[in-house]
There are 4 protein chains.
Amino acid sequence: MVISEHDVPVRAGRPRDPACDAAILQATLDLFAEHGYSGVSMDGVAARAGVGKATIYRRYSSKAELVVEAVRCGAQLEDRLPDTGDLRADLISMMRPLLDRLRGDDAKAMVMFAVERLREPELAEEFDRSVIGKKREHIRHLVRSAIERGDLPADSDADLIAEAPGAFLWHHAIYNLPMDDALLGRIVDLVLPRPT
Amino acid sequence: MVISEHDVPVRAGRPRDPACDAAILQATLDLFAEHGYSGVSMDGVAARAGVGKATIYRRYSSKAELVVEAVRCGAQLEDRLPDTGDLRADLISMMRPLLDRLRGDDAKAMVMFAVERLREPELAEEFDRSVIGKKREHIRHLVRSAIERGDLPADSDADLIAEAPGAFLWHHAIYNLPMDDALLGRIVDLVLPRPT
Amino acid sequence: MVISEHDVPVRAGRPRDPACDAAILQATLDLFAEHGYSGVSMDGVAARAGVGKATIYRRYSSKAELVVEAVRCGAQLEDRLPDTGDLRADLISMMRPLLDRLRGDDAKAMVMFAVERLREPELAEEFDRSVIGKKREHIRHLVRSAIERGDLPADSDADLIAEAPGAFLWHHAIYNLPMDDALLGRIVDLVLPRPT
Amino acid sequence: MVISEHDVPVRAGRPRDPACDAAILQATLDLFAEHGYSGVSMDGVAARAGVGKATIYRRYSSKAELVVEAVRCGAQLEDRLPDTGDLRADLISMMRPLLDRLRGDDAKAMVMFAVERLREPELAEEFDRSVIGKKREHIRHLVRSAIERGDLPADSDADLIAEAPGAFLWHHAIYNLPMDDALLGRIVDLVLPRPT
DNA sequence: ACATAAGCGAGACGGTACGTCTCGTCTTCTG
DNA sequence: CAGAAGACGAGACGTACCGTCTCGCTTATGT
């Protein structure tokens, strides 16, 4: 029996040092958190990571790409998709992790990531498909289920409701509007009919 | 006899050349639309406008300020702030120009501006103060008036309603969701109680 | 009467700062003398001269060009061309300044200059015509005069004798052979018949 | 039983590949002739020779050493050192190969090598020790022998005569002076007393 | 009427970051 | 173990840009 040798192409030469990967990303995240995007300099990252500049450019072809990747990796964007039958609760529990991140230390990083998403079409597609898309589709599914159950009027605008969580949370994050815990409730109150 | 010394301060010496103002802003807008914020360079603007750099810095104290002003002026963001007493109509009429621009040829520039706003903290403050702030405040005023008139329940979330137009429109623009004329109606339908 | 305004083209803009010219050349010479060609770095020159790198590159398009020019200017290559009727004395007095320079602190710089001469054909022509050429031609003239006077045999190889001073001195300098005062006498003794 | 451990040290393991030696030197010479010393890069040599960089550094400890060796081997600078008892003939026969090379296709490489020798101190030492030194010393030996034989006056300047061939030939090559066959005779005629 | 204050085009200046390149070493895998 | 491939730390190179600063000239005002 032959093991498929195409899966890992067995690259010749010395393999990339994983410790460098980590050091670079960590240094980038640190500098980014401390001084913002323009405060990240390649020489700075290299120095802080104890790494040559070439070692960075071997992995990322530009500062923008480096920062995006650092943030993406640093902020593990994987969420659960709940479906309990209680639309309000499901929506709130889906919004919660995003709210937390947009409120925490990673906020800048998150926003930065959203920014680069727009500058790199490929990144956008990948991101939308794998992260945003699923959540949006799941919310649409939840809303339609609620309509079928009779919890929501038949003429509810499922599509627009599905956009509301992302739209409001990002909007608040971007414009530095208050991001307290009550916000989630206010959002569902606004876009869903009050339960009688 | 009264000398109006406040209106136009009657500066001595040669007055600023209005043609320069126009040339500078136009060159800035062109470069911004073509290459984004970082593609705008002061030397580039000066060259394209046929103007010395000092002439630019005499008007704007930094690149961020210049770009903000250029986009603001170029996109005519000084919209009318209607107050007819019909909240639905007022909201729709306030959203219309933004929708049109986000749909039109300037869409790219608008989105890029929003993007760059996030990359450069200096840009963000400028933008928020001069562009966003007034509209948001006006919508809040409209909603509160509607509540006072009894057109809206007393417990309506005026603040959140005021965010809805911007939040949804930008969200749709950024994620390439449909931007048809019906969108405006759907938004107000979602966040305002249906008129009985 | 109209002064011809074409002579000095009245360049627009701020004129180059002569203090920078001086500072740059001096810093270059210093570093070159201390650490050799590879010890000259553009950042180092800039720092030592208290000048931005752009200010250097505005004047010299590369490190090589900068160093050549620094050496050329620093080592004022203008010599007298004596003609006393005493060939031995004339030759020695023509060799003396070159010997001194090749022996002194500028030695490295001189050699360096000779090197760059070979790398840049244009520089070579200019140099040969204005500096080397004249001296070589003058020596040929002196030798021919000596032959006419009968101080030298009629079949003397004037051309080769004219090369001897340069050939030997540079050879000694390049190969770190002794450059004492006696050398000049030894050279003329070798290539000129001993006076009886 | 005696094991000859001195002649070929009988190294354990795989022996060095002679094909690598050749490929490395050839690639180095090619690059050197085409782009000069600074145009030779270790990565470039490795790529062109189809060889790993370690394979080069196992043979030569630095770029300077590699280039020196390449030029020395390529130009076959290990000339014979004749000693026939006829000083004129010996000198001419020692100059001949250098003249030929300085006239031939390798002229550029030779001159460039001499040039680069001066730019990189490391190069200079290598070159002088291994190439120049031996020949100079041999000529000195020949001249002293001629003096002992009485073919040359006792007060002849052996050291300076020993420099003449190199000094004049390189001087002519560098300054594009005529390099015809007669040159060799003219040089010995100038620095050696005519045979009566 | 003419000095003076300011605007203007051009471009030099100090500083800083970028992205590329090379050197000489180190690390892996294959023959 | 040699060799091919190539990653690694260090650091110089030459470019681009920012925001400031001179130049020499032009244009209004105000006395």
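As the structure is a computational prediction, the values presented were derived from the model and not from experiment. Atoms considered below: every heavy atom in the structure, side chains included; atoms not considered: hydrogens, waters and symmetry mates.
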With heavy atoms under 4.0 Å as the rule, sort [X] into base, sugar-phosphate or nothing.
X     : result
C/K53 : base
D/V45 : nothing
A/G44 : nothing

Under the 6.0 Å and 45° cation-pi test, does A/K63 pair with A/Y57?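 No, A/K63 does not sit over the ring of A/Y57.
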
Of the nucleotides [options], which one has an atom closest to the side chain of [X]?
X     : options                : result
A/S41 : E/dC18, F/dC17, E/dC23 : E/dC18
D/D17 : F/dG3, F/dT20, E/dC13  : F/dG3
D/K63 : F/dC18, E/dC8, E/dG24  : E/dG24

Quick one, C/R16 and C/R59 - any side-chain contact, counting heavy atoms below 4.5 Å?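 Yes - at least one pair of side-chain heavy atoms lies under 4.5 Å apart.
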
Within the structure provided, determine whether D/Y60 and D/I24 are in side-chain contact (heavy-atom separation under 4.5 Å).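 Yes, side chains in contact.
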
Whole-Å gap separating [atom2] ([N]) and [atom1] ([X]):
X     : N      : atom1 : atom2 : value
A/D43 : E/dT16 : CG    : C1'   : 10 Å
A/Y57 : F/dG9  : OH    : P     : 15 Å
A/R48 : F/dG9  : CZ    : C1'   : 19 Å
A/D21 : F/dA7  : CG    : P     : 12 Å
A/H35 : E/dT16 : NE2   : P     : 15 Å
A/Y60 : E/dC18 : OH    : P     : 16 Å
D/M42 : F/dA10 : CE    : P     : 21 Å
C/R14 : F/dG24 : CZ    : C1'   : 14 Å

Comparing C/C20 and A/V40 on DNA chain E - which has the more 5′ nearest nucleotide: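 Upstream on the strand: C/C20.
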
C/L31 versus C/G44, closest heavy-atom pair with distance: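 Shortest heavy-atom contact: CD1-C, 3.8 Å.
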
Return the minimal non-hydrogen interatomic distance between A/V45 and A/A27, and the atom names on each side.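 Closest pair (atom of A/V45, atom of A/A27, distance): O-CB, 3.9 Å.
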
OP1, OP2 of F/dC8 versus side-chain N and O of A/R58: anything below 4.0 Å?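 Result: yes.
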
Would you say E/dA12 has OP1 or OP2 under 4.0 Å from some side-chain N or O of C/T55?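 Answer is no, no contact under 4.0 Å.
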
5' precedence on DNA chain F between D/R59 and C/A54 (nearest-nucleotide basis):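 That would be D/R59.
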
When you match C/P15 and A/R16 each to their closest nucleotide on DNA chain F, which lands nearer the 5' end?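 In this pair, the answer is A/R16.
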
